[in-house]
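In this text, all values refer to a predicted model and were calculated from it rather than measured experimentally.
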Amino acid sequence: MDFLKSDQVSGHRIVLKTTDPRHFTGRYNNTTGRLEKENPTFADKMFEALHGVNKLHQETTDLSVKMVTDPDSIDAHDITIAIAKSNAALAITKAVVDKSIQAYKEILSFR
């Protein structure tokens, strides 16, 4: 394999940090630590919603662990409410996914 010599190469060499939020399109929110796009797509909104559902589930799991390890530090009503929120969010997410798959199949059948 032949490599170019340094006198055969021209141009600028720049090391780009891709983890820097300024290199992405959109606006970086310092309070949330997330990149916010100016014109979010449907996929962006779906991922944001899924992130919210996952966050509710994680909070429920954390409260459940806390209830087992230190029962006096948490009220039973708080964990019941957290479980209900998590289950409702998961049910809505499942319904949206099922309808999206159904719509996709209908679109494919029209071809």
Side-chain angles (χ1 to χ4, degrees):
M1 180 184 284
D2 294 329
F3 291 103
L4 295 175
K5 296 179 183 169
S6 62
D7 59 343
Q8 294 174 316
V9 178
S10 63
H12 299 287
R13 295 181 189 180
I14 299 173
V15 178
L16 181 65
K17 288 184 181 178
T18 57
T19 56
D20 191 339
R22 295 174 293 175
H23 298 150
F24 300 104
T25 58
R27 185 170 42 100
Y28 186 74
N29 189 339
N30 287 329
T31 58
T32 62
R34 297 180 68 182
L35 182 69
E36 297 175 353
K37 292 188 175 183
E38 294 179 14
N39 296 322
T41 62
F42 177 75
D44 295 333
K45 288 294 186 180
M46 283 299 293
F47 281 122
E48 184 179 329
L50 289 174
H51 178 71
V53 171
N54 188 43
K55 186 176 177 185
L56 282 173
H57 182 69
Q58 289 295 330
E59 289 173 1
T60 302
T61 303
D62 293 343
L63 286 175
S64 298
V65 169
K66 192 173 184 180
M67 180 107 172
V68 171
T69 57
D70 189 15
D72 294 332
S73 68
I74 190 166
D75 191 16
H77 297 292
D78 293 336
I79 192 148
T80 305
I81 291 169
I83 290 171
K85 283 182 182 179
S86 179
N87 286 340
L90 190 59
I92 291 170
T93 303
K94 184 180 181 313
V96 169
V97 168
D98 290 344
K99 286 294 184 180
S100 299
I101 291 171
Q102 181 183 358
Y104 179 74
K105 287 180 179 178
E106 287 180 18
I107 290 170
L108 286 181
S109 69
F110 287 123
R111 292 217 250 158

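- Here the shortest heavy-atom pairing between Leu63 and Ile74 reads CD2-CD1, 3.0 Å.
- Salt-bridge annotation for Asp62 and Lys66: absent, with no side-chain N of the basic residue lying under 4.0 Å from a carboxylate O of the acidic one.
- Scanning for side-chain hydrogen bond (donor to acceptor under 3.5 Å, both in side chains) contacts around Lys85 gives an empty result, with sequence neighbours left out.
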Decide side-chain contact (heavy atoms from CB on, under 4.5 Å) for Gln102 and Lys99; before the verdict, give the C-alpha distance in whole Å, the side-chain angles of both, and the deciding distance to 0.1 Å.
CA-CA 5 Å; Gln102 181 183 358; Lys99 286 294 184 180; 3.6 Å; yes
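- Shortest non-hydrogen contact noted between Ala89 and Leu56 is CB-CD1, 3.8 Å.
- Here the closest heavy-atom approach between residue Ala82 and residue Thr60 is recorded as O-OG1, 3.1 Å.
- Residue Ala76 comes nearest to Thr80 through the heavy atom pair O-OG1, 2.8 Å, listed as atom of the first residue, atom of the second, then distance.
- Distance CD/Glu59 to CD1/Ile83: 13.0 Å, rounded to 0.5 Å.
- To the nearest 0.5 Å, atoms CG (Asn54) and CG (Leu90) are separated by 10.5 Å.
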